[in-house]
There are 2 protein chains.
Amino acid sequence: MPATIHDVAKLAGVGIGTVSSVLNNSRPVSEETRRKVLEAIEKLDFVPNPSGRRLSMGKTHTIAVIITYFTLASQFERLRGVMSVIAESDYDINLFAIETIPQRNKVFQTVPRRGRVDGLLIFSIHPTKEDLRRIRQQKIPVVLVEGYHPELSHIFLDDMAGARQAVEHLIGLGHQKIAYISDYLDDLFSSGFNRNRYMGYCQALEAAGLPVRPEYHRQGWHTRENGRQMALELLNLPDPPTAIFCFSDEFALGVLEAARDMNLRVPEDLSVVGYDDIELARFAQLTTVRQHLFESGVQGVELLFEAIENPDAPIKEIQLPTELVVRQTTAPPCR
Amino acid sequence: MPATIHDVAKLAGVGIGTVSSVLNNSRPVSEETRRKVLEAIEKLDFVPNPSGRRLSMGKTHTIAVIITYFTLASQFERLRGVMSVIAESDYDINLFAIETIPQRNKVFQTVPRRGRVDGLLIFSIHPTKEDLRRIRQQKIPVVLVEGYHPELSHIFLDDMAGARQAVEHLIGLGHQKIAYISDYLDDLFSSGFNRNRYMGYCQALEAAGLPVRPEYHRQGWHTRENGRQMALELLNLPDPPTAIFCFSDEFALGVLEAARDMNLRVPEDLSVVGYDDIELARFAQLTTVRQHLFESGVQGVELLFEAIENPDAPIKEIQLPTELVVRQTTAPPCR
DNA sequence: GGAAAACTCGGAAACGTTTCCGTATAGACT
DNA sequence: AGTCTATACGGAAACGTTTCCGAGTTTTCC
């Protein structure tokens, strides 16, 4: 039903090659002919069929964005960064959200294919050996955002340093009993690389000569409600912590809720530090570790575009800073 | 570089038609042959090239999701609803975020095409006559989410009723001076259909015999910061309002910030009502009008799938309820 | 004026599928 | 044994592009 390039050629009285030339500026066309072709295109409201184009060119002009933890506001921020670049480009974006292992498998099996997409942008996932094998075999450009792999381009965020900063801040305020609420360390997707924040936490404690108390570490699936639950558990301990550092702002907001539930004042009775600096951290006056979320999305696509442009270039690594943003949920302990 | 169906056929010692049959179960194949084909597929790690398939079938197995106000958490919620359904289907999703008029034009000109996508899911945009013409001409299924058009399927949210509820609640508490902070009424994208909430606001006032005071109505682009600014303006009026109803929770959070800036207590000195009930409204204890955001995304795709399945079915209209959620930012006025 | 160069342009081939027409083989029935 | 039916399968054609070879026309230059 939609017009094809043949219809345009016929109406303009030229060959299909000429129409294609006009469309892509791929070879010189006389002014006169160009005008006729453009008129025909206009009249027929012709837009080239992308499948035909893709098939012929072997390029899809599409990138896949694969996202885990799609419930997190931080992922949304990153995605927004990506979209802001995409809108200016002539690329399309295919979105894949993965929440479960079967989904992860399906996506990694089917998506990283030449002929399917031109490149992959992967958020917060640590590729396995198997993934890497496939990527190599398909020679498909990949950029990890908030991920690390020595053989793949990535936007790297120094989680260990960020966590250390946060905990050092608490220690500096005089806290000795600092708990940590995290995602599962042996995470399904990231194969343990989110241990980094935990390690930063431990390092800071040890550097200050403080013990790492296992009962002060809780793990749970990434929701605010879980943050609240875990905080309640911590605060009901015989010897409760005076400060809680959280893997994400999402968790931290849950902790603030828990404090409210227990009529604890923040920061007088309890200090809370989050991670990410999502939009609403500012609103909640939350002390947190800022990641450049939007920016990481922007740089991620840009890196990917470069890699698509120039597939043989060496991998690139961009490190974005993390910085502690001190707001009003941290203070010296009262007791 | 990737294996094609011809490679598979050759390796398995069969014809390409047979391979295709195995892939799509499109005609009976003997057990023996099927086994050989599957083995070859396995060995070559073959996955059909989507462009070829699309071109041949005239179906893309892709839907476009077009989103405005992509900064809003509410849109993210909707998108999450969409993704949850998509993940279970064998459809891909192409995401388009539009923030400006040129972007809007480009997207509406190029995306609603047979051969490009099988269907469109459009968030919070009111299609123009021109859009409709194109959609009709291309005979492409469309579902509007948070939109209304008599000739297109849509998930409808009764904004007028929602706004009325909110304002009636404030009036019920005894407020007489109720301001409204909104998006631009003559909005670029929605051609005035977001007037509905404004009309609900006016209706409620008039029903209670209260005047609609123009100085109590502010319009601005959709960000929390703008909400804050507009609230400051309102609160510095010679005769400031005692309650502010907001077009979105985003705005409302800005209003709360403004109140904090001015050392006003909420709800004692100022009542605030939002709209959407995004995740963080609960955290902020915000009284708001709940929309079933996630659900609207879910139902939107489902409607779209139905329409793709059965293109000649009459358009469908689903109305999702809005409900007032009273939390702690509203109370009777003190003065 | 004629050869060479420059400029235009037409359309077959190729991209990787699915579809479908047609053929081959095996089994059933008379 | 011969005919018919059912079953299994091969491969050409078609989908809508881009690419590129080759041909036609005009211009340039000696």
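A note on names: the letters A, B, ... follow the listed sequences, proteins ahead of strands, and every chain is numbered from 1. All heavy atoms count here, side chains included; hydrogens, waters and symmetry mates do not.
- Across residues 22-33 of chain A, A/Arg27, A/Pro28, A/Val29, A/Ser30, A/Thr33 each have a non-hydrogen atom less than 4.0 Å from an atom of DNA chain C (numbered order).
- Residue A/Lys59 contributes atom NZ, which lies 23 Å from atom P of D/dG16 at whole-angstrom precision.
- For the pair A/Met57 CE and D/dG16 C1', the interatomic distance rounds to 12 Å; values are reported in whole Å.
- Contact between the side-chain N/O atoms of B/Arg53 and the OP1/OP2 oxygens of C/dT18 is found at a separation under 4.0 Å.
- Between B/Asp118 and B/Arg113 there is no salt bridge, since none of the side-chain N atoms of the basic residue sits less than 4.0 Å from a carboxylate O of the acidic one.
- Comment: A/Glu130 engages A/Arg133 in a salt bridge, judged by a side-chain N to carboxylate O separation of less than 4.0 angstrom.
- When the shell of 6.0 Å around NZ of B/Lys59 is examined, it contains more than 12 heavy atoms from other residues, nucleotides or ligands.
- Each of C/dT18, C/dT17, D/dT18 was ranked by its minimum atom distance to the side chain of B/Ser20; first place goes to C/dT18.
- Between the CZ atom of A/Arg34 and the C1' atom of C/dC7 there is a distance of 14 Å, given to the nearest Å.
- The nearest heavy atom of DNA chain D to B/Val14 and to A/Val19 marks one nucleotide each, and the one closer to the 5' end goes with B/Val14.
- Residues B/Gly17 and B/Arg27 share a closest heavy-atom pair of C-NH2, 3.5 Å.
- Nearest-nucleotide positions on DNA chain C for B/Gly52 and B/Gly17 put B/Gly52 closer to the 5' end.
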- Query: How far apart are the C-alpha atoms of B/Arg78 and B/Gln75, what are their side-chain angles, what is the distance that settles it, and do they pass the side chain to side chain donor-acceptor pair (under 3.5 Å) test?
  - Reply: CA-CA 5 Å; B/Arg78 286 191 228 279; B/Gln75 300 297 51; 2.9 Å; yes

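- When rounded to the nearest whole Å, the span between CG of A/Asp7 and P of C/dG11 equals 15 Å.
- Taking atom CD1 of residue B/Ile5 and atom C1' of nucleotide C/dT17, one finds them 6 Å apart after rounding to whole Å.
- Spacing between atom CG of B/Leu55 and atom P of C/dA13 amounts to 18 Å, rounded to whole angstrom units.
- A straight line from CZ of A/Arg54 to P of D/dT19 spans 15 Å, rounded to a whole angstrom.
- Phosphate contact (OP1/OP2 of C/dG10, side-chain N/O of A/Thr18, threshold under 4.0 Å): present.
- In summary, A/Asp312 and A/Lys139 do not engage in a salt bridge, as defined by a charged side-chain N under 4.0 Å from a carboxylate O.
- Between the side chain of B/Ser56 and the base of C/dT17 there is at least one donor-acceptor pair of N/O atoms closer than 3.5 Å.
- Nucleotide C/dT17 holds its P atom 10 Å from the CD1 atom of B/Ile41, rounded to whole Å.
- When all heavy atoms are compared, the tightest approach of B/Phe305 to B/Ile86 is CZ-CD1, 4.0 Å.
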